[in-house]
Every structure is written in structure tokens, then in C-alpha cells.
Novice: 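To start, I am sharing the structure in question, which I have written as C-alpha cells.
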Amino acid sequence: MQFPDSVKQQSCSDCLSGQDLGFQIRMAFQPIIDWQTKTIFAYEALVRGPNGEGAGWVFERINEQNKYYFDQACRVKAIETAAKLGCETFLNINFLPNAVYNPETCIKATIEAADLYGFDLTKLIFEVTEGEEIPDKDHLNRIFRSYAKRGFQTAIDDYGSGFATLEWLIELKPHILKLDMQLIRNIHLNPAKQHIVCKAIRAV
């Protein structure tokens, strides 16, 4: 995916200047449980409106002009809130691949936020929802490789509901694979679902 220079410059300017989205965002935190140890492994940061409005309310207000800053704002708000709450587990942050024009440049605000709020960078997990349309698969591959080099973990959410074929899963090499609810529902009664899950687990 090639982003025009004008878009790159505007995106950097927005992130650095703290462009106003026109509304405030908050974060809700959903625990991710390690069922073997019966402990909380991580919290997934989920964007909400200023009065607790759901993610749908927020995304109705996101467009081509503000999605770059929105992606950065969500990362910063997630880290800020988790740090203030004393979160010591892993923190899962969803990101929009189509709002990241350069992984190395766009990660800077995240690193600065972790430093500012005293959050351990090694506890960050970046995840992308499988259902999001990814017009350039090589672009997402570059993002995953860049994040892995920095020591961040990566994850694919809702696997089995969208874009990721088994072959692409092997290319992406995510650290964590979160299975779609429909794929695992009654899986003990469905050999076909069991086969899909087993192949996916072997792939990563």
C-alpha cells in the first residue's frame, strides 16, 4: 500500500499536534483468561464514547480524514488508562492496518505514551480483527514483522470469520490466535471445525 506524501505529512502532523477528533474517547477493558491457571493473562482495550457509548457509536464518527489520528489516539488512551489503573498484565491494543502508513514512524507515539505513563512496553500485544478489509496484505505483513522486531507480540482476533487463509496465517506468524466464537461453538460436536482449528494452531 502506497500512501501519498501529503497523507503521510498530514498524519504525522495530526498525531504530533493532538488533533481534535471532535469527541472524546474512553477505554473499557475486557479480561482475557488463562483457563489453565485460572488467572487474567491480559486485558483487551475496547474503545468507547465519552459516556460509555459502544464502539459502533465511535466508528460512525471515523472517516478518511481522522482515522490516522484515531488509531494513534486509541493506543495512547489505552496505555494511559491501563497505567492509571495499575494494570500489570499484558495489554491488547487493536489497531487499524489501513491507518498505519509506516510501522516504524507510527509506533513512535505508542512508545512515547508508554514512557510518559510508565507502562511496560514488553506487555503490549497488537491485534487486528480478521474481519477488517485489508486491501494490501503485504502491508500488514510489514507491520507484523516490524512489531515483532521491536519485541511486541501480535495477534489476530476472530480467526475464522474473515480474510485470513491458512497460507497467509503462516506468512503473518502471529504470536496469538483468537478464534471466532462461531468457529468454536459446539466444536466438540463438529469434526470439520476441529480440523480447521488444529490446522490453524499448527500454522502458528
Side-chain angles (χ1 to χ4, degrees), residues 1 3 7 10-33 40-87 89-101 103 106-110 112-114 116-117 119 123-136 139-140 143 147 152 154-164 174 176 178-185:
M1 177 181 297
F3 293 82
V7 171
Q10 183 62 49
S11 301
C12 282
S13 174
D14 291 346
C15 293
L16 292 173
S17 65
Q19 175 199 9
D20 187 6
L21 283 171
F23 60 94
Q24 298 297 312
I25 58 172
R26 299 170 60 186
M27 287 291 161
F29 291 91
Q30 177 174 281
I32 300 173
I33 307 298
I40 296 176
F41 166 76
Y43 285 97
E44 180 179 357
L46 304 172
V47 69
R48 295 291 183 264
N51 299 305
E53 295 92 343
W57 181 93
V58 176
F59 279 97
E60 286 176 357
R61 289 155 175 79
I62 304 306
N63 52 50
E64 288 298 314
Q65 285 69 47
N66 65 15
K67 70 178 181 180
Y68 304 98
Y69 177 65
F70 170 71
D71 185 72
Q72 296 292 332
C74 284
R75 299 176 186 218
V76 172
K77 179 60 71 173
I79 291 171
E80 175 190 3
T81 308
K84 289 181 176 179
L85 292 174
C87 175
T89 67
F90 284 96
L91 176 63
N92 284 43
I93 297 178
N94 293 279
F95 73 96
L96 303 173
N98 298 326
V100 177
Y101 66 86
C106 295
I107 198 65
K108 290 180 180 179
T110 306
E112 290 174 1
L116 176 64
Y117 298 111
F119 191 85
K123 295 294 187 180
L124 293 181
I125 300 173
F126 291 98
E127 68 174 63
V128 59
T129 300
E130 197 208 24
E132 184 182 359
E133 182 181 1
I134 310 294
D136 187 345
H139 181 59
L140 183 57
I143 296 173
Y147 287 0
F152 299 130
T154 56
I156 292 179
D157 195 6
D158 296 332
Y159 178 77
S161 67
F163 66 78
I176 297 171
K178 298 169 70 177
L179 303 175
D180 182 68
M181 184 183 300
Q182 294 300 322
L183 182 58
I184 63 172
R185 179 169 290 149

Novice: Are side-chain heavy atoms of Val47 and Met27 found at a separation under 4.5 Å?
Specialist: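 They are in side-chain contact.
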Novice: Can you check side chain to side chain contact (heavy atoms under 4.5 Å, CB included) on Ile107 and Arg75, steps first, answer last?
Specialist: CA-CA 9 Å; Ile107 198 65; Arg75 299 176 186 218; 3.6 Å; yes
Novice: Just do the side chain to side chain contact (heavy atoms under 4.5 Å, CB included) check on Glu127 and Ile176 with the steps written out, would you?
Specialist: CA-CA 9 Å; Glu127 68 174 63; Ile176 297 171; over 6 Å; no
Novice: Does Tyr43 OH have over 12 foreign heavy atoms under 6.0 Å away?
Specialist: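 Counting neighbours around OH of Tyr43, 12 or fewer heavy atoms of other residues, nucleotides or ligands fall under 6.0 Å, so no.
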Novice: Hey, what do you get for NZ (Lys178) to CG (Asp157), rounding to the nearest 0.5 Å?
Specialist: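 It comes to 4.0 Å.
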Novice: Under 30°, 30 to 60°, or over 60°: which ring-plane class applies to Phe126 and Tyr147, parallel, tilted or perpendicular?
Specialist: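 Rings of Phe126 and Tyr147: tilted, as their planes differ by 30° to 60°.
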Novice: Measure the spacing between CZ of Arg26 and CD of Glu53 and express it to the nearest 0.5 Å.
Specialist: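 Reported value, rounded in 0.5 Å steps: 8.5 Å.
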Novice: Checking Cys74 against Ile25 for the side chain to side chain contact (heavy atoms under 4.5 Å, CB included) test, could you report, in this order, the C-alpha distance in whole Å, the side-chain angles of both residues, the deciding distance, and whether it holds?
Specialist: CA-CA 8 Å; Cys74 284; Ile25 58 172; 4.1 Å; yes
Novice: Donor-acceptor pair, Asn66 side chain versus Arg61 backbone, under 3.5 Å?
Specialist: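 Indeed, once roles are kept as given, a pair shorter than 3.5 Å links the two residues.
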Novice: Between Phe29 and Ala45, what is the shortest heavy-atom contact and its length?
Specialist: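 Minimum heavy-atom contact is CE2-CB, 3.9 Å.
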Novice: Could you tell me if the side chain of Leu116 sits less than 4.5 Å from the side chain of Ile79, heavy atoms only?
Specialist: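 Sidechains of Leu116 and Ile79: no contact.
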Novice: Quick check: do Lys123 and Leu91 have side-chain heavy atoms less than 4.5 Å from each other?
Specialist: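 No; the side chains remain at least 4.5 Å from each other.
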Novice: Given side chain to side chain contact (heavy atoms under 4.5 Å, CB included), test Phe95 with Val128 step by step and report yes or no.
Specialist: CA-CA 6 Å; Phe95 73 96; Val128 59; 4.2 Å; yes
